[in-house]
Amino acid sequence: MLSKGEHQSVPLSVLLKREHAQEKIERPDISHGQANQIKKGEDFTFLKPECQRVLGDEVTNFSVFGNVLSAIPADLNRYEWIAALPRALVAGFVKTDKEFQEKAQKSGTTVTFVIIEGWVVTVASVGDSLCVLESAEGGIYHLSADHRLECNEEERERITTSGGEVGRLNTGGGTQIGPLRCWPGGLCLSRSIGDMDVGEFIVPVPYVKQVKLSSAGGRLVIASDGVWDALSAEISIECCRGMSPDAAASQIVKEAVQPKGIRDDTTCIVVDIQPLEKPNPPQAPPKKSGKKVFKSIFRKKTSESCSNTERDYDEPDVVEELFEEGSALLSDRLDAKYPICNMFKLFICAICQVEIKPGEGISIHVGSSNTRNFRQWDGPFLCSSCQEKKEAMEGKRPSGNGRYSSDSD
């Protein structure tokens with residue numbers, strides 16, 4: 001393995017072109033297993049392996065684990081499709097939340113959405129169901145964010161700034177119990193989809209991380225809070241090492257419920273991403289300290305251009321971070337710096353994909369704090385309905401269905 005000083009930062013386009021050009025780098029073998037123990041019947045999983053999409057005259061397979069989302073244009077090549085995922089997932093999460101709102105469904109959900117395309121893994125998440133990666137090299141990486149108010153100071157500040165209140169349940173006489181919650185509504189989370197009985201500042205905008213594994217592969221553990229309330233990421237990986245995905249998922253659930261019994265729905269999905277010539281589950285890697293492994297293996301992609309580079313790069317033996325963003329502001333997540341010009345078309349709403357008549361679209365940057373670098377005609381654009389939702393999420397106007405916001409006092 002290369003030392004930290006020897007690492008090169010490799011643009012996404014170079015990684016994918018190299019993978020396509022070198023026949024020795026085969027597409028991975030992907031296997032999965034799942035297990036659960038039910039207390040309330042609220043956990044739901046959806047797994048759809050070997051999906052197909054048309055890429056010019058080629059057909060590319062990818063595996064989708066989690067939920068279903070379709071907010072990506074059909075006319076993108078493979079590099080564009082992968083690069084489009086982070087912002088398309090944001091649009092899809094917000095669009096789904098709008099559909100909950102339009103149907104007056106008040107019960108919401110957390111979501112951890114995982115897409116595997118070749119060796120590239122993209123994860124979008126809201127809430128406290130989380131995804132952890134163990135690389136074949138032994139590094140453990142958190143690919144999702146925990147949006148529980150108890151452990152996320154930045155989210156607490158965002159909510160209070162938008163007009164919400166954060167505090168524990170008051171039982172009278174000044175006694176407060178339980179975890180930190182958002183009021184009104186009493187939700188313990190700062191982000192979810194479809195929670196209509198709390199303020200719009202409980203946003204559906206996901207934290208998104210995208211990484212590229214080395215051709216040695218790795219293992220994903222995707223689980224609900226019933227697992228993570230009981231187990232750390234390290235224990236969840238260690239307790240099932242060497243097992244098949246099915247056995248691993250069952251073992252993780254067993255470890256989570258065994259000490260105190262089942263107190264909540266406890267669900268786990270394990271996904272192995274491996275080279276075709278190595279179908280066995282990951283074995284124990286050499287012992288390394290987590291901090292040193294994180295620093296030496298997980299390299300963040302720089303802002304170097306992804307276009308037409310002629311440099312030669314060695315095949316990476318590390319996990320490459322391609323994208324990471326957790327801002328709750330749509331103007332940050334759907335910005336004009338997006339490298340694909342046809343992702344957000346001029347007369348299509350960037351969130352709900354409805355057609356907008358010329359002159360009726362509203363720039364995503366209108367009303368943002370960083371307007372000096374943008375003009376009203378700089379896209380992408382929103383329809384009036386999505387613009388209203390954006391403003392309500394930012395605490396700038398009451399919600400259309402009477403949900404609490406900072407302007408309703």
Side-chain angles (χ1 to χ4, degrees), residues 1-2 26-37 43 45 47 49 63 65-66 112 114 116 118-121 123 125 128-144 146 209 211-260 262 266-299 316-321:
M1 184 179 297
L2 298 176
E26 300 177 338
R27 299 187 63 80
D29 177 65
I30 299 175
S31 56
H32 65 271
Q34 63 177 316
N36 62 28
Q37 289 201 26
D43 283 2
T45 62
L47 297 92
S63 295
F65 297 91
T112 299
V114 182
I116 304 170
W119 300 102
V120 177
V121 178
V123 181
S125 63
D128 55 2
S129 54
L130 308 175
C131 176
V132 173
L133 163 70
E134 183 194 28
S135 71
E137 296 82 8
I140 297 178
Y141 313 109
H142 293 266
L143 301 187
S144 52
D146 193 338
K209 178 169 279 189
V211 300
K212 185 176 189 295
L213 280 62
S214 75
S215 56
R219 166 169 281 184
L220 297 174
V221 175
I222 311 161
S224 65
D225 60 332
V227 168
W228 304 120
D229 287 344
L231 304 180
S232 66
E234 291 76 14
I235 291 176
S236 71
I237 294 293
E238 289 290 341
C239 75
C240 63
R241 194 179 299 284
M243 297 180 180
S244 68
D246 268 322
S250 296
Q251 182 63 28
I252 291 171
V253 170
K254 179 181 177 181
E255 292 283 335
V257 303
Q258 196 169 36
K260 297 182 180 180
I262 183 168
T266 306
T267 301
C268 181
I269 299 173
V270 173
V271 184
D272 283 348
I273 306 169
Q274 299 175 305
L276 292 174
E277 67 274 17
K278 296 180 180 180
N280 295 323
Q283 300 299 313
K287 293 290 185 181
K288 301 177 183 179
S289 69
K291 186 174 293 186
K292 289 182 179 179
V293 170
F294 183 88
K295 288 184 177 179
S296 66
I297 293 180
F298 208 172
R299 295 189 285 115
D317 59 354
V318 297
V319 174
E320 299 277 350
E321 180 180 315

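Remember, predicted model here, so these are calculated numbers, not experimental data. One-based numbering along the sequence shown.
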Are [X] and [Y] packed together at the side-chain level, in the sense that at least one heavy-atom pair is separated by less than 4.5 angstrom?
X: Val211; Y: Tyr141; answer: no
X: Trp119; Y: Pro28; answer: yes
X: Val318; Y: Glu137; answer: no
X: Ser144; Y: Lys209; answer: no
X: Val271; Y: Val114; answer: no
X: Leu133; Y: Leu213; answer: yes

Just distance, no hydrogens or angles: give the donor-acceptor pairs under 3.5 Å from side chains in residues 250-257, sequence neighbours left out.
from, atom 1, to, atom 2, distance (Å)
Ser250, OG, Asp246, O, 3.3
Gln251, NE2, Glu255, OE2, 2.9

Which heavy atom in [X] sits nearest to a heavy atom in [Y], and how many Å separate them?
X: Arg27; Y: Leu276; result: O-CG, 3.4 Å
X: Arg219; Y: Pro245; result: NH2-N, 4.0 Å
X: Cys239; Y: Ser236; result: SG-O, 3.5 Å

So how far is it from [X] [atom1] to [Y] [atom2], rounded to the nearest 0.5 Å?
X: Gln274; Y: Ser215; atom1: CD; atom2: OG; value: 12.5 Å
X: Asp229; Y: Lys260; atom1: CG; atom2: NZ; value: 10.0 Å
X: Ser125; Y: His142; atom1: OG; atom2: NE2; value: 12.0 Å
X: Glu134; Y: Ile140; atom1: CD; atom2: CD1; value: 5.5 Å
X: Leu143; Y: Leu220; atom1: CG; atom2: CG; value: 6.5 Å
X: Ile269; Y: Ile222; atom1: CD1; atom2: CD1; value: 5.0 Å

Mind checking what makes salt bridge (Lys or Arg N to Asp or Glu O under 4.0 Å) contact with Asp146, not counting sequence neighbours?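 Salt bridge (Lys or Arg N to Asp or Glu O under 4.0 Å) list for Asp146, sorted by chain: Arg148.
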Might you work through the side-chain contact (heavy atoms from CB on, under 4.5 Å) test for Ile237 and Ile235, ending with a clear yes or no? CA-CA 5 Å; Ile237 294 293; Ile235 291 176; over 6 Å; no
Begin from the C-alpha positions of Asp272 and His32 and carry the test side-chain contact (heavy atoms from CB on, under 4.5 Å) through to its verdict. CA-CA 6 Å; Asp272 283 348; His32 65 271; over 6 Å; no
By side-chain hydrogen bond (donor to acceptor under 3.5 Å, both in side chains), which residues pair with Ser224, not counting sequence neighbours?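 By the side-chain hydrogen bond (donor to acceptor under 3.5 Å, both in side chains) rule, Ser224 matches Asp43.
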When you check the gap from the basic side-chain N to the acidic O, do Lys212 and Glu321 get nearer than 4.0 Å?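 The answer is no: the pair does not qualify as a salt bridge.
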For Ala223, give me all partners under side-chain contact (heavy atoms from CB on, under 4.5 Å), at least two apart in sequence or on another chain.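 In terms of side-chain contact (heavy atoms from CB on, under 4.5 Å), with neighbours along the sequence ignored, Ala223 is linked to Val227, Trp228, Cys268.
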Exercise: do Thr112 and Ser129 side chains pair donor with acceptor under 3.5 Å: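 Yes, Ser129 and Thr112 have a side-chain donor paired with an acceptor closer than 3.5 Å.
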Within the 3.5 Å criterion, strictly below it, is a donor on Thr266 or Gln37 matched to an acceptor on the partner's side chain?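 Their side chains do not contain a donor-acceptor pair, so the 3.5 Å distance test is not met.
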Step-by-step side-chain hydrogen bond (donor to acceptor under 3.5 Å, both in side chains) determination, Gln34 to Thr267: CA-CA 8 Å; Gln34 63 177 316; Thr267 301; over 6 Å; no
